[in-house]
Amino acid sequence: MDRVSKMVSEKPVVIFSKSSCCMSHTIRSLFSDFGANPMVYELDEIPRGREIEQALSRLGCNPTVPAVFIGGQFVGGANEVMSLHLKRSLKPMLTSAGALWV
């Protein structure tokens, strides 16, 4: 858990992903379209990725990818991010976290 906390505190937007997950790709594309540059950790490609995935599961991430953190706070997975986007709440969150320049 400490490792995950450290990782999510290093950048305004952090996405835990798997290279084969189409929903992770969709969320990364959405953030790119906004102009955000998230830190993406591909859990199937990094050392100790399985351990990080288990920690995300303990935090309540189900499914474990994509897991999106904005401003160090867990936002949710693809459904939650898309819901925020449709409510027009995602962009203000990104701006507030310093991920977008106004």
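We use all heavy atoms of the structure for the numbers below, so side chains are in, but hydrogens, waters and symmetry mates are not.
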[X]: which residues meet the side chain to side chain contact (heavy atoms under 4.5 Å, CB included) condition with it, sequence neighbours left out?
X	result
Phe74	Cys61, Ala67, Phe69
Ser96	none
Glu51	Arg48
Ser32	none

* Listed once per pair and sorted, the side-chain hydrogen bond (donor to acceptor under 3.5 Å, both in side chains) pairs that draw on residues 61-83, sequence neighbours left out -> Glu53-Thr64

* Asked: Ile15 and side-chain contact (heavy atoms from CB on, under 4.5 Å): which partner among Ile27, Val65, Val8?
  -> Ile27

* Asked: So which of Val75, Ile70, Val68 actually passes side-chain contact (heavy atoms from CB on, under 4.5 Å) with Leu90?
  -> Ile70

Measure the spacing between [atom1] of [X] and [atom2] of [Y] and express it to the nearest 0.5 Å.
X	Y	atom1	atom2	result
Leu30	His85	CG	NE2	5.0 Å
Ser17	Met39	OG	CE	11.0 Å
Thr95	Leu100	OG1	CG	4.5 Å

How would you list all residue pairs meeting salt bridge (Lys or Arg N to Asp or Glu O under 4.0 Å) that involve [range], not counting sequence neighbours?
range	answer
residues 89-99	none
residues 23-34	Arg28-Glu42
residues 66-79	none

* Could you pull out the closest heavy-atom pair between Pro12 and Ala97, with the gap in Å? => CB-O, 3.4 Å

* Asked: Can you hop from Met23 to Phe34 via hydrophobic side chains spaced under 4.5 Å?
  -> no

* Inter- and intrachain pairs under ring-ring contact (aromatic ring centres under 6.0 Å, His included), touching residues 38-61, at least two apart -> Phe16-Tyr41

* **Asp44: partners by side-chain hydrogen bond (donor to acceptor under 3.5 Å, both in side chains), with sequence neighbours left out** => Ser19

* Considering residues at least two apart in sequence or located in another chain, which fulfil the salt bridge (charged side-chain N to carboxylate O under 4.0 Å, His left out) criterion with Glu10? -> Lys6

* Kindly determine whether Leu56 and Leu43 satisfy side chain to side chain contact (heavy atoms under 4.5 Å, CB included), including the steps that lead there. => CA-CA 11 Å; Leu56 290 170; Leu43 297 179; 3.9 Å; yes

* Report yes if some heavy atom in the side chain of Val81 is under 4.5 Å from a heavy atom in the side chain of Phe31; otherwise report no. => yes

* To do: Under the ring pair (Phe, Tyr, Trp, His ring centres under 6.0 Å) rule, collect the residues that match up with His25, sequence neighbours excluded.
  => none

